[in-house]
Amino acid sequence: MAHEIVIAQTTSDDEAQAKVLARGAVEIKLAAGVHIDAPITAFYWWKGEVETAQEWRISYMTTTDRLPALEAWLHEKHPYDVPQWITLPVTGGSEAYLSWVVEETHPQ
């Protein structure tokens with residue numbers, strides 16, 4: 001397959017905002033699909049203190065070609081000062097699914 005598939009992840013402390021970030025990326029073809037995981041508990045350092053928050057993990061299925069545009073869009077739309085942004089390579093999967101990701105993220 002010519003395009004590499006990745007899963008990009010961020011989090012949100014607001015379920016409605018997570019849905020906006022998910023739907024928006026799909027609508028503009030930056031991601032073929034998005035999963036929002038049930039609330040998770042996050043512990044992290046912020047401004048010298050350990051914080052705790054309930055967050056929703058947002059996982060975007062996309063291609064490496066679309067990743068820079070997705071990242072720029074997310075940083076523009078995300079309310080956090082420093083949103084989590086990580087990418088995970090997809091090293092395998094069904095050819096039909098991987099082809100679907102490429103097809104659905106192709107700019108029109």
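In this chain, numbering begins with 1 at the start of the sequence shown.
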Handout entry: Residue Lys19 excluded, over 12 heavy atoms near NZ under 6.0 Å
Key = no
Practice task
Might you confirm whether atom CD of Glu51 has over 12 heavy atoms from other residues, nucleotides or ligands at distances under 6.0 Å?
Solution key: yes
For a 4.5 angstrom cut-off between non-hydrogen side-chain atoms, does [X] reach [Y]?
X     : Y     : value
Glu15 : Pro39 : no
Trp85 : Leu70 : yes
Gln17 : His78 : no
Leu30 : Thr62 : no
Ile5  : Thr63 : yes
Trp56 : Ile40 : no
His75 : Pro83 : yes

Exercise for the section: Compute whether any side-chain donor of one residue and acceptor of the other, for Gln9 and Ser59, lie under 3.5 angstrom apart. Expected result: yes
Problem - Full working for side chain to side chain contact (heavy atoms under 4.5 Å, CB included) between His35 and Met61 - result: CA-CA 8 Å; His35 293 152; Met61 278 57 79; 3.7 Å; yes
Problem - Residue list, salt bridge (Lys or Arg N to Asp or Glu O under 4.0 Å) with Lys77, at least two apart or on another chain - result: none
[X] and [Y]: which non-hydrogen atoms are nearest, and at how many Å?
X     : Y     : result
Tyr80 : Thr11 : CE2-O, 3.8 Å
Val20 : Trp73 : O-CH2, 4.4 Å
Ser12 : Ala18 : OG-N, 3.9 Å
Leu74 : Thr10 : CD1-CG2, 3.8 Å

Distance, nearest 0.5 Å, that separates [atom1] of [X] from [atom2] of [Y]:
X     : Y      : atom1 : atom2 : answer
Leu67 : Ile7   : CG    : CD1   : 12.0 Å
Thr87 : Glu71  : OG1   : CD    : 8.5 Å
Arg57 : Gln84  : CZ    : CD    : 7.0 Å
Asp65 : His106 : CG    : NE2   : 8.5 Å
Ile36 : Arg23  : CD1   : CZ    : 11.0 Å

Handout entry: Counterpart residues, side-chain contact (heavy atoms from CB on, under 4.5 Å), relative to Val34 (two or more places apart)
Key = Ala22, Val26, Ala31, Ile58, Tyr60
Problem - Ser99 side-chain N/O to Ala96 backbone N/O, donor-acceptor pair under 3.5 Å - result: no
Exercise for the section: Following the transitive rule for hydrophobic clusters with a side-chain heavy-atom cut-off under 4.5 Å over Ile, Leu, Val, Met, Phe, Trp and Tyr, establish whether Val82 and Trp45 coincide in one cluster. Expected result: no
Exercise for the section: Give a yes or no on whether Leu98 and Val6 share a hydrophobic cluster (residues Ile, Leu, Val, Met, Phe, Trp, Tyr; joining criterion: side-chain heavy atoms under 4.5 Å apart). Expected result: no
